[in-house]
Amino acid sequence: MEARLNLFANPFFGKVFKHINAAGKAVSDSSLPAATQELVKIRASQINGCGFCTDMHTKDAAHAGETAQRLHLVAVWREATVFTEAERAALELTEQGTRIADAAGGVSDEVWQNAAKHYDEEQLAALVSLIAIINAYNRVNVINQQPAGDYQPGMFG
């Protein structure tokens, strides 16, 4: 597979990515746990079929100390016993926030209230922002047919 555009050499995408990356930095600097952030990025990327982001975020998570068992079970988190209740709430919010077009009313009150039991207002704002940011990256990469597999942790920062 070959990408349709070279996103990394394209000056216009460079400008766009600069702003998206700045938003991502605000989230990564928030009090939302780093492990939760990676799980959210992985799950949204799986749902959206973004191989590039799935590759990147599973490798980044493993590099940061995430276990192989948990990484293998992200896609089936409902049946897995290895995630905390807070992580499960974040994953459910991620799924509903990512599948907005598939859900009649968007994110349900029940899912929001469950997330609000585990995360404070800053963390909820970071979580919502992260879901939006990773979905934006997923869409760019899927539209561009960005190949997956060659990412190395730390490659972009």
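In this text the structure is predicted, and so the values were computed from the model without any measurement.
- Taking CE of M56 as the reference point, atom CD of Q152 lies at 11.0 Å (rounded to 0.5 Å).
- Using a 4.5 Å heavy-atom cutoff, the side chains of L91 and R78 are not in contact.
- Side-chain N or O atoms of N141 include none that pairs as donor or acceptor with a backbone N or O of Q146 at under 3.5 Å.
- Looking at F17 and L7, their side chains come closer than 4.5 Å, going by heavy atoms from C-beta outward.
- By the criterion of side-chain heavy atoms lying less than 4.5 angstrom apart, applied directly or through intervening Ile, Leu, Val, Met, Phe, Trp or Tyr residues, V107 is grouped together with L32 in one hydrophobic cluster.
- From L39, atom CG reaches atom CG of L71 across 7.5 Å, with rounding to the nearest 0.5 Å.
- Residues Q37 and V40 fail the side-chain proximity criterion, which asks for heavy atoms closer than 4.5 Å.
- Screening I42, T98, N138 for a side chain to side chain contact (heavy atoms under 4.5 Å, CB included) involving I47 leaves a single residue, T98.
- In terms of modelled atom types and a separation under 3.5 Å, the side chain of N48 and the main chain of A44 share a donor-acceptor contact.
- The pair R43-E92 does not meet the salt-bridge criterion, since no charged nitrogen lies less than 4.0 angstrom from a carboxylate oxygen.
- A 6.0 Å sphere centred on CD of E79 holds more than 12 heavy atoms belonging to other residues, nucleotides or ligands.
- Side chain of E38 to backbone of D60: no donor-acceptor contact under 3.5 angstrom is found.
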Discussion item. For D29 and K25: C-alpha separation, side-chain torsions, deciding distance, then whether side-chain contact (heavy atoms from CB on, under 4.5 Å) applies.
Written reply: CA-CA 6 Å; D29 290 346; K25 177 87 167 98; 2.9 Å; yes
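- Under the 4.5 Å side-chain criterion, counting only non-hydrogen atoms from C-beta, K59 is in contact with D55.
- Between V82 and W77, the closest side-chain pair of non-hydrogen atoms is not below 4.5 Å.
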Discussion item. F13 vs V140, test: side-chain contact (heavy atoms from CB on, under 4.5 Å). Steps then yes/no.
Written reply: CA-CA 10 Å; F13 272 115; V140 167; 4.0 Å; yes
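- Minimum interatomic distance between H57 and S45 (heavy atoms only, all atoms of both residues): CD2-OG, 4.4 Å.
- The only option from E85, Q123, E87, R88 that meets the side chain to side chain contact (heavy atoms under 4.5 Å, CB included) definition with H118 turns out to be E85.
- The minimum heavy-atom distance between L93 and A115, with the atom names listed, is CD2-CB, 4.2 Å.
- By the salt bridge (charged side-chain N to carboxylate O under 4.0 Å, His left out) test, D150 pairs with no residue at all, sequence neighbours left out.
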Practice prompt. Evaluate the side-chain contact (heavy atoms from CB on, under 4.5 Å) criterion for residues Y137 and N21: first the C-alpha distance (whole Å), next the side-chain angles of each, then the deciding distance (0.1 Å), finally the verdict.
Written response: CA-CA 10 Å; Y137 271 120; N21 287 339; 2.2 Å; yes
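- At least one donor-acceptor pair under 3.5 Å links the side chain of S30 to the backbone N or O of V27.
- Formation of a donor-acceptor pair under 3.5 Å by the R4 side chain with backbone atoms of I143 is found in this model.
- With no hydrogens or angles considered, a side-chain donor-acceptor pair links S31 and E122 at under 3.5 Å.
- Relative ring orientation between F8 and F52 is described as tilted, the plane-to-plane angle lying within the 30° to 60° band.
- Inter-residue side-chain proximity for N114 and V111 is flagged as unmet; no heavy-atom pair is nearer than 4.5 Å.
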Item to complete: Given side-chain contact (heavy atoms from CB on, under 4.5 Å), test I20 with V16 step by step and report yes or no.
Response: CA-CA 6 Å; I20 298 174; V16 171; 3.8 Å; yes
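- Between Y119 and P33 there is a side-chain heavy-atom pair separated by less than 4.5 Å.
- Between S108 and Q96, the closest heavy-atom pair is N-OE1, 2.8 Å.
- Taking CZ of R99 as the reference point, atom CD of E95 lies at 5.0 Å (rounded to 0.5 Å).
- We find the CG-CZ distance between L5 and F12 to be 11.5 Å, quoted to the nearest 0.5 Å.
- If you take OG1 on T81 and CG on L73, they are separated by 8.0 Å, rounding to the nearest 0.5 Å.
- Remark: I134 CD1 to T94 OG1 distance equals 10.0 Å, nearest 0.5 Å.
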